[in-house]
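A quick note: this is a predicted structure, and the numbers were derived from the prediction, not measured. The sequence lines fix the lettering, A, B, ..., with proteins before strands; numbering per chain opens at 1.
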2 protein chains.
Amino acid sequence: MVIDMNLSIESPLKRPDAPSIPQPSLRRLPQYHHYLVDLEAKGIGRVSCSTIGRDLNLVPIQVRKDLQYTGIIGKPKTGYSVTELILTIETFLGWNNVNEAFLVGAGNLGTALLGHERFSKFGLQIVAAFDSDPQKAGIWIHNKAVLPLDKLADLAQRMSIHLGIITAPAENAQTIADEMVKGGIQAIWNFAPVKLNVPAHIIVHNEDLYSSLASLSWKLARRFRVPIQEREAV
Amino acid sequence: MVIDMNLSIESPLKRPDAPSIPQPSLRRLPQYHHYLVDLEAKGIGRVSCSTIGRDLNLVPIQVRKDLQYTGIIGKPKTGYSVTELILTIETFLGWNNVNEAFLVGAGNLGTALLGHERFSKFGLQIVAAFDSDPQKAGIWIHNKAVLPLDKLADLAQRMSIHLGIITAPAENAQTIADEMVKGGIQAIWNFAPVKLNVPAHIIVHNEDLYSSLASLSWKLARRFRVPIQEREAV
DNA sequence: GTAGATTCAGTATATGGTTATCGATATGAA
DNA sequence: TTCATATCGATAACCATATACTGAATCTAC
């Protein structure tokens with residue numbers, strides 16, 4: 001029943017598994033995590049929502065609400081144990097278990113992701129890259145082999161890979177997604193700016209830079225269009 | 001008064017200019033745009049919300065609502081003119097006017113963005129890159145010069161650059177943001193996973209891959225943790 | 001030319017997420 | 001030991017967005 005749940009682009013028709021945590025809260029958790037790791041490094045043992053809120057520019061209530069979703073239990077007056085909280089968030093997000101992934105599209109963006117070692121801290125391990133361009137097959141990028149696309153399905157199946165990352169151009173994205181599904185991949189992190197057509201049980205997460213750019217450029221355009229401070233419905 | 005409005009991470013304290021369009025709608029517009037350009041290429045002249053909805057997996061009502069924000073006027077029974085709609089969206093998003101931008105952090109991700117020619121179609125023109133590593137200063141990436149960071153503020157001012165892109169590691173992000181502000185940059189597209197501290201009038205847009213990854217890995221973890229179909233509050 | 005179907009526009013309702021309130025509990029100081 | 005204060009946890013109010021509804025406009029077919 002779980003399907004694409006891209007926060008902003010999702011069709012409301014097919015409501016996915018009512019998540020037990022709001023998407024925005026979910027997306028704030030890594031921010032807390034990052035902050036808490038810093039705290040721990042500084043040797044700080046306990047922290048309260050108010051402190052977190054002050055440092056991260058969030059209202060304490062929201063912080064508390066977000067953390068509650070993870071199941072952490074705090075103590076009045078003292079807050080939460082930093083170490084325990086970090087662990088709770090990691091467990092909640094599944095960062096403790098490694099997710100092995102295949103990446104398809106060894107272009108600029110794909111290369112960037114392949115070289116991003118930090119992902120391993122968050123349970124993401126890209127084990128191989130693929131490309132439909134035969135020219136690219138055989139080369140190595142950041143110590144990962146680039147294989148021809150037609151090997152994907154078979155390999156995914158044999159290696160029990162559950163996660164696929166698409167960093168290919170929009171035109172190829174659907175074909176790639178089909179291959180991934182054929183290989184038994186359960187979740188797709190899609191950087192191509194298209195809506196993928198996949199069976200309902202596949203989790204699709206769209207990472208659309210153009211969405212963000214749209215939002216940003218609208219604000220910027222507006223800034224120069226209307227006098228500061230003015231705001232009225234179009 | 002407009003400030004960071006990152007859809008999901010924003011502090012609720014400082015409510016930005018009540019946008020005359022909901023963020024989610026704003027983020028869906030590029031999707032429509034992409035679709036419409038395809039249609040136009042196929043020679044299709046008019047399109048209705050129902051058709052768009054069917055093709056993009058959205059309910060027609062939502063499509064209509066989103067398009068209304070752009071100010072487009074449709075005709076009952078026939079829908080909208082494709083060409084006019086494309087133009088309306090582009091104008092609304094400010095994609096007609098070029099936004100010149102500076103990018104800081106010539107690492108993997110920075111290189112990827114520098115090489116992404118498509119941005120120019122959406123009004124984004126990255127004119128130069130910067131890096132705090134002196135080793136990188138002087139090299140060229142995808143036909144763009146990489147300059148030392150300390151040149152940024154002055155250049156931004158003299159060239160009237162309004163947009164800055166941060167693709168540097170989290171540790172350096174704040175310093176870079178400070179430089180950008182000093183140079184008169186109005187909006188920052190921040191790919192570093194930290195909350196930037198900038199004056200209220202600066203537009204900050206956070207593009208946090210870890211947020212997305214969190215969301216994705218939570219769903220995946222959940223998939224294997226709870227039997228399919230089960231869904232209950234934590 | 002008229003009837004019927006389709007779609008747009010504007011208004012109303014429902015849902016989900018955020019913010020505020022309240023009581024309970026632990027800590028630290030008197 | 002007792003009191004004041006900070007903080008948690010739960011519930012409730014509120015707000016933004018998504019969805020539904022109604023009426024008017026336009027096209028097509030007869």
Side-chain H-bond candidate by donor/acceptor type, Ser212(B) with Glu207(A), under 3.5 Å
yes

What nucleotide among dA6(D), dT26(D), dT18(C) has an atom nearest to a side-chain atom of Lys77(B)?
dT26(D)

Residue whose closest nucleotide on DNA chain C lies nearer the 5' end, Ile61(A) versus Gly79(B)
Gly79(B)

Is the phosphate of dG17(C), meaning OP1 or OP2, less than 4.0 Å from a side-chain N or O of Arg28(A)?
no

Between NZ of Lys75(A) and P of dG9(D) the distance, given in whole Å, is 12 Å

With a cut-off of 6.0 Å (strictly less than), are more than 12 heavy atoms of other residues, nucleotides or ligands near CD1 of Ile44(A)?
yes

Considering only side-chain heavy atoms of Ser50(B), which listed nucleotide, dT26(D), dT7(D), dT7(C), is closest?
dT7(C)

Could you check whether Gln62(A) and Asp66(A), counting side-chain N and O atoms only, form a donor-acceptor pair closer than 3.5 Å?
no

For Glu100(A) and His162(A), which I'm curious about, is there any donor-acceptor pair between the side chains at under 3.5 Å?
no

Does Thr78(B) make a side-chain N or O approach to OP1 or OP2 of dC27(D) shorter than 4.0 Å?
no

Select from Ile72(B) and Asp66(A) the residue whose nearest nucleotide in DNA chain C is closer to the 5' end of that strand.
Ile72(B)

Could you check how far OH of Tyr69(B) sits from C1' of dC8(C), rounded to whole Å?
16 Å

Could you state the CZ-P distance from Arg27(B) to dA16(D), rounded to the nearest angstrom?
19 Å

Length of the OH-P vector between Tyr80(B) and dA25(D), whole Å:
16 Å

Which of these nucleotides, dC27(D), dC8(D), dT11(C), is closest to any side-chain atom of Pro76(A)?
dC8(D)

To the nearest Å, how far apart are Lys65(A) NZ and dG9(D) P?
12 Å

Between dC8(D), dA26(C), dA18(D), which nucleotide has the shortest distance from any of its atoms to the side chain of Ser25(B)?
dA18(D)

Side-chain atoms of Ile73(B) come closest, of dT25(C), dA9(C), dA18(D), to dA9(C)

From CZ of Arg64(B) across to P of dT17(D) the rounded distance in Å is 20 Å

Can you measure Leu67(B) atom CG to dT7(C) atom P for me and round it to whole angstrom units?
14 Å

Let me know the distance between CD1 of Ile52(A) and P of dA6(D), rounded to the nearest Å.
18 Å

For Phe191(B), what residues pass the ring pair (Phe, Tyr, Trp, His ring centres under 6.0 Å) criterion, not counting sequence neighbours?
Trp189(B)

